[in-house]
Amino acid sequence: MNALTEHELPNAEKLYADLRAAVQAALTPQTVVLGIYSGGAWLAQRLQTDLQLDGRVGFISSSMYRDDFAKRGLAQSLPTDIPFDINGAQVILIDDVLHTGRTIRAVLNELFDYGRPAQVQLMVLVDRAGRQLPFAADFAAAQADLTPEKSLNLTKNADHGLQFNLKTREVSHAE
């Protein structure tokens, strides 16, 4: 696993290659992949093509279960699209950055509205410090040590390649 600081942006394409290898190693006939909007959904779409996962990839939103609605407002997100039965499935949740754990909590609430999977794994490109809830990734391609006011965002460039941007945001003590 790569250790990163805010002075070096991670190479999203390299981290994606590491994530793809980890997902491929974890696949079983019962495995389905759910990409978390938005960065995780982009990754899941690429995994679907690269690993030939037709019929085994869906997308999940955290917006209905966010606990920070008053602060964030209704985040723009596409609706959850799970085109398969998750009861008894081995689910791999895919996201770009794991930070506070609040998105994962919201996504798990949404996921269990659709059924009861046998197992849920979390795989991310970057795991950064600042956890507020007790969640850990089963696989992270890199660790990033960023200050709280820094936000690491995955974007798609003009040729649909992935890259990270680092932004500075205001941080409240209630976060």
Side-chain angles (χ1 to χ4, degrees), residues 1-27 31-64 66 72-84 90-104 106-107 110-111 120-130 135 137-170:
M1 182 181 331
N2 303 314
L4 307 165
T5 67
E6 62 188 71
H7 301 293
E8 60 179 312
L9 283 177
N11 179 326
E13 290 295 334
K14 166 146 181 8
L15 297 183
Y16 169 74
D18 294 343
L19 175 72
R20 182 182 63 232
V23 170
Q24 187 168 24
L27 289 176
T31 303
V32 295
V33 174
L34 290 176
I36 300 170
Y37 287 116
S38 61
W42 299 336
L43 296 167
Q45 287 171 327
R46 290 212 22 206
L47 290 167
Q48 181 174 7
T49 300
D50 293 348
L51 300 177
Q52 301 172 356
L53 298 174
D54 293 332
R56 297 171 63 187
V57 173
F59 308 98
I60 192 162
S61 172
S62 66
S63 63
M64 296 306 292
R66 293 297 305 202
R72 292 171 44 125
L74 186 58
Q76 182 179 6
S77 179
L78 296 171
T80 292
D81 177 16
I82 302 177
F84 39 76
Q90 294 180 349
V91 175
I92 298 177
L93 289 175
I94 303 290
D95 207 3
D96 51 355
V97 179
L98 174 60
H99 183 207
T100 64
R102 294 189 179 284
T103 296
I104 303 307
V107 163
E110 177 81 1
L111 179 63
V120 179
Q121 292 179 289
L122 174 62
M123 296 190 182
V124 300
L125 290 183
V126 178
D127 184 351
R128 60 173 288 188
F135 288 105
D138 293 285
F139 172 83
Q143 294 276 351
D145 186 17
L146 304 174
T147 57
E149 71 276 359
K150 298 294 182 185
S151 176
L152 186 62
N153 301 303
L154 186 67
T155 60
K156 285 197 295 187
N157 57 32
D159 65 354
H160 300 285
L162 301 171
Q163 63 188 36
F164 279 106
N165 291 321
L166 192 62
K167 295 181 181 178
T168 301
R169 60 185 172 86
E170 226 177 276

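These figures come from a predicted structure and were not determined experimentally. Heavy atoms only: backbone and side chains are in, while hydrogens, waters and symmetry mates are out.
- At distances below 3.5 Å, at least one donor-acceptor pair connects side-chain atoms of Asp138 with backbone N or O atoms of Leu122.
- In this structure, Thr31 OG1 and Gln121 CD are separated by 7.5 Å, a value rounded to the nearest 0.5 Å.
- Here Glu110 contributes atom CD and Ile82 contributes atom CD1; the two are 7.0 Å apart, rounded to the nearest 0.5 Å.
- Rounding to the nearest 0.5 Å gives a distance of 7.0 Å between CG of Asn165 and CG of Leu9.
- No more than 12 heavy atoms of other residues, nucleotides or ligands lie within 6.0 Å of CD in Gln52, so this atom counts as exposed by the packing criterion.
- With sequence neighbours excluded, the residues forming a side-chain contact (heavy atoms from CB on, under 4.5 Å) with Val120 are Val91, Leu93, Leu108, Leu111, Pro117, listed by chain and number.
- Without hydrogens or angle criteria, Ser61 side chain to Thr80 main chain gives no donor-acceptor distance under 3.5 Å.
- Closest approach of Arg46 and His160 over heavy atoms only: NH1-O, 4.2 Å.
- Taking CZ of Arg56 as the start and CD1 of Ile92 as the end, the distance is 8.5 Å to the nearest 0.5 Å.
- Residues that satisfy the side-chain contact (heavy atoms from CB on, under 4.5 Å) test with Thr168, not counting sequence neighbours, are Glu149, Lys150.
- For the pair Val107 and Leu34, the minimum side-chain heavy-atom distance is 4.5 Å or more.
- Counting heavy atoms from C-beta outward, Leu15 and Leu162 have side chains that stay 4.5 Å or more apart.
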Point to revise | Step-by-step side-chain contact (heavy atoms from CB on, under 4.5 Å) determination, Phe59 to Gln45 | key: CA-CA 9 Å; Phe59 308 98; Gln45 287 171 327; 3.7 Å; yes
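- In this structure, CG on Asp50 lies 10.5 Å from CD on Gln48, to the nearest 0.5 angstrom.
- Val97 and Phe164 get closest at one heavy-atom pair: CG2-CE2, 3.8 Å.
- Considering only heavy atoms from C-beta on, Val126 comes within 4.5 Å of Pro10 through its side chain.
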Practice item. I would like to know whether Val23 and Phe139 meet side-chain contact (heavy atoms from CB on, under 4.5 Å); could you show each step before the answer? Key: CA-CA 9 Å; Val23 170; Phe139 172 83; over 6 Å; no
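- The closest side-chain heavy-atom distance from Leu51 to Val33 is not below 4.5 Å.
- Here the closest heavy-atom approach between residue Ala106 and residue Ser62 is recorded as CB-O, 3.5 Å.
- Annotation: the span from Leu78 atom CG to Ser38 atom OG amounts to 9.0 Å, rounded to 0.5 Å.
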Exercise for review: Carefully, step by step, assess Val124 and Leu43 under the rule side-chain contact (heavy atoms from CB on, under 4.5 Å).
Suggested key: CA-CA 9 Å; Val124 300; Leu43 296 167; over 6 Å; no
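- Not one N or O on the side chain of His99 forms a donor-acceptor pair closer than 3.5 Å with the backbone of Asp127.
- Of all heavy-atom pairs between Asp145 and Ala129, the closest is OD1-CB, 4.4 Å.
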Practice item. Please step through side-chain contact (heavy atoms from CB on, under 4.5 Å) for the pair Leu47 and Val57, ending with a clear verdict. Key: CA-CA 8 Å; Leu47 290 167; Val57 173; 5.7 Å; no
